[in-house]
Protein chains: 2
Amino acid sequence: MMKALVNKKSSEQASETEISVNHQKLIDATIETIAKRGLADTTIAHVAKRAKVSQGYANFRFKSKDNLLISSLQYLSDEYKKSWQKIFEEKNIDPIDRIIRIIQNDFSSKIANRNKISVWIAFYSEVKFRPSYLAICQRQDEIYSQQMEKLVSEINNITNQKEFTPKEVSETYHSMVDGLWQRILFDPKIYTNEFCKNLVLKYFKSIYVNEDRFA
Amino acid sequence: MMKALVNKKSSEQASETEISVNHQKLIDATIETIAKRGLADTTIAHVAKRAKVSQGYANFRFKSKDNLLISSLQYLSDEYKKSWQKIFEEKNIDPIDRIIRIIQNDFSSKIANRNKISVWIAFYSEVKFRPSYLAICQRQDEIYSQQMEKLVSEINNITNQKEFTPKEVSETYHSMVDGLWQRILFDPKIYTNEFCKNLVLKYFKSIYVNEDRFA
DNA sequence: ATAAAAATTGAATGATTATTCAATACAAAA
DNA sequence: TTTTGTATTGAATAATCATTCAATTTTTAT
């Protein structure tokens with residue numbers, strides 16, 4: 001069978017940043033398997049089958065199951081990061097519009113869907129016992145929080161809001177997002193993405209009373 | 001060795017509500033083991049050793065590992081429920097004082113500590129794949145939410161607050177609590193119980209602007 | 001004290017699963 | 001085409017673990 005490398009124009013151009021098709025197929029299959037069966041029931045055999053490679057290959061390619069799981073979490077983290085980085089990097093956009101874009105992103109169906117959330121929570125649940133999981137999650141949180149605080153700070157200036165510090169608003173938002181994601185898992189009938197997004201908007205409305213865009 | 005039944009005054013008084021010492025010892029050991037090692041690494045052997053009974057007995061007593069885990073989650077759920085039920089049942093207490101008591105309870109060290117939280121999240125992470133876990137979690141949420149909404153409704157009346165519905169406030173609070181518990185796991189240095197409690201109080205301050213008890 | 005019943009043990013069993021690796025298929029180079 | 005190196009397979013291995021159960025200890029009833 002032929003399983004070629006992608007990006008490989010010629011053998012000399014091979015580099016450590018090069019990713020094989022199978023590499024990505026296995027990461028995708030891992031995330032899908034965790035979403036469908038749960039982390040506890042995710043075996044190399046299931047993942048390999050879903051990725052349509054042999055069980056031995058999956059292990060060979062990632063050296064260990066542990067490593068495959070870490071790579072999958074890293075991928076998920078990068079994917080999420082890209083989606084909000086893009087919004088933070090947009091030019092000529094009003095801070096309030098920007099934060100609304102951030103909220104929309106956090107509750108978009110691409111980000112806040114039951115499959116993705118169940119995978120996140122699966123990893124979260126092991127964070128206390130796996131330093132490598134913790135490191136990935138913490139690194140992500142740190143940058144996100146930093147950017148959020150800066151953004152809230154701008155909004156506070158514009159609106160002349162002094163009662164609530166950027167840190168407070170940012171942390172409250174962040175915890176609401178995490179909490180609401182969790183509840184989407186429990187009861188997606190009630191916690192639709194619309195419902196969650198509006199709840200968050202309403203929170204901002206309570207802080208920035210005169211700003212109609214949060215209504 | 002003697003392993004006696006507790007509450008057993010005489011053999012005739014035996015009833016299905018009777019709980020043996022070993023039953024509780026095993027549930028405690030299960031929760032401790034999940035807290036110390038994570039759900040993925042919690043084996044009957046570990047639990048039995050911690051409870052100081054034989055491995056065979058642990059299985060015999062609960063019929064299966066699955067059943068032991070479900071019983072442990074139920075116990076955790078009951079324990080939490082008792083702590084807030086007590087507050088909801090207190091008489092002659094002002095609604096605002098009552099909700100402050102609820103907040104204090106949710107971030108008391110007995111409830112919001114890393115061990116308990118890691119166990120909750122371990123179960124949460126499997127909720128999508130285990131209907132029995134889901135049922136326990138949902139049942140708890142339902143009653144809690146119901147009581148919270150009623151309480152917020154009273155507060156809204158007293159304070160003449162019309163902008164935010166009881167459901168909105170209650171859901172926002174609930175998601176904040178879930179989210180903050182999660183973050184206590186990630187970074188207990190930053191997310192101390194005090195910090196979390198104050199963040200929530202500040203949220204209520206943003207809703208009930210003139211109420212100084214939330215300050 | 002003795003017998004019967006119940007509780008508890010611990011070793012054996014069988015199932016599951018990550019990991020290894022010799023064998024094979026394939027691609028690139030000559 | 002032949003050779004050489006790399007990718008991939010799939011079956012074997014070894015470890016882990018829930019579950020079972022015959023044997024033993026402890027409790028209860030007589």
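These figures come from a predicted structure and were not determined experimentally. A, B, ... follow the sequence lines: proteins, then strands. Residue 1 opens every chain.
The pair A:Lys116-A:Glu79 meets the salt-bridge criterion, since a charged nitrogen lies less than 4.0 angstrom from a carboxylate oxygen. Under a 4.0 Å N-O distance rule, the pair B:Glu32/B:Arg50 qualifies as a salt bridge. With salt bridges taken as basic N to acidic carboxylate O contacts below 4.0 Å, none links A:Asp106 and A:Lys197. A:Lys167 and A:Glu171 are joined by a salt bridge, as a carboxylate oxygen and a charged side-chain nitrogen come within less than 4.0 angstrom of each other. One finds no salt bridge joining B:Asp41 and B:Lys36 here, because no Lys/Arg side-chain nitrogen approaches an Asp/Glu carboxylate oxygen to under 4.0 Å.
Between the side chains of A:Arg139 and A:Ser77, no donor N or O sits under 3.5 Å from an acceptor N or O.
Few gaps surround NZ on A:Lys65; more than 12 heavy atoms of other groups in view lie less than 6.0 Å from it.
Within the 4.5 Å cutoff, the side chain of B:Phe129 has no heavy atoms near those of the B:Leu134 side chain.
Residues from residues 26-35 of chain A lying near DNA chain D, meaning a heavy-atom separation below 4.0 Å, are absent.
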Atom pairs under 3.5 Å, N or O on each side, protein against nucleotides 17-20 of chain C: can you list them with distances?
residue, atom, partner, partner atom, Å
C:dA18, OP1, A:Lys65, NZ, 2.8
C:dA18, OP2, A:Ile44, N, 3.0
C:dT19, OP2, A:Asn59, ND2, 3.3
C:dT19, OP2, A:Lys65, N, 2.8

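B:Arg61 places its CZ atom 12 Å from the P atom of C:dT9, with the value rounded to the nearest Å.
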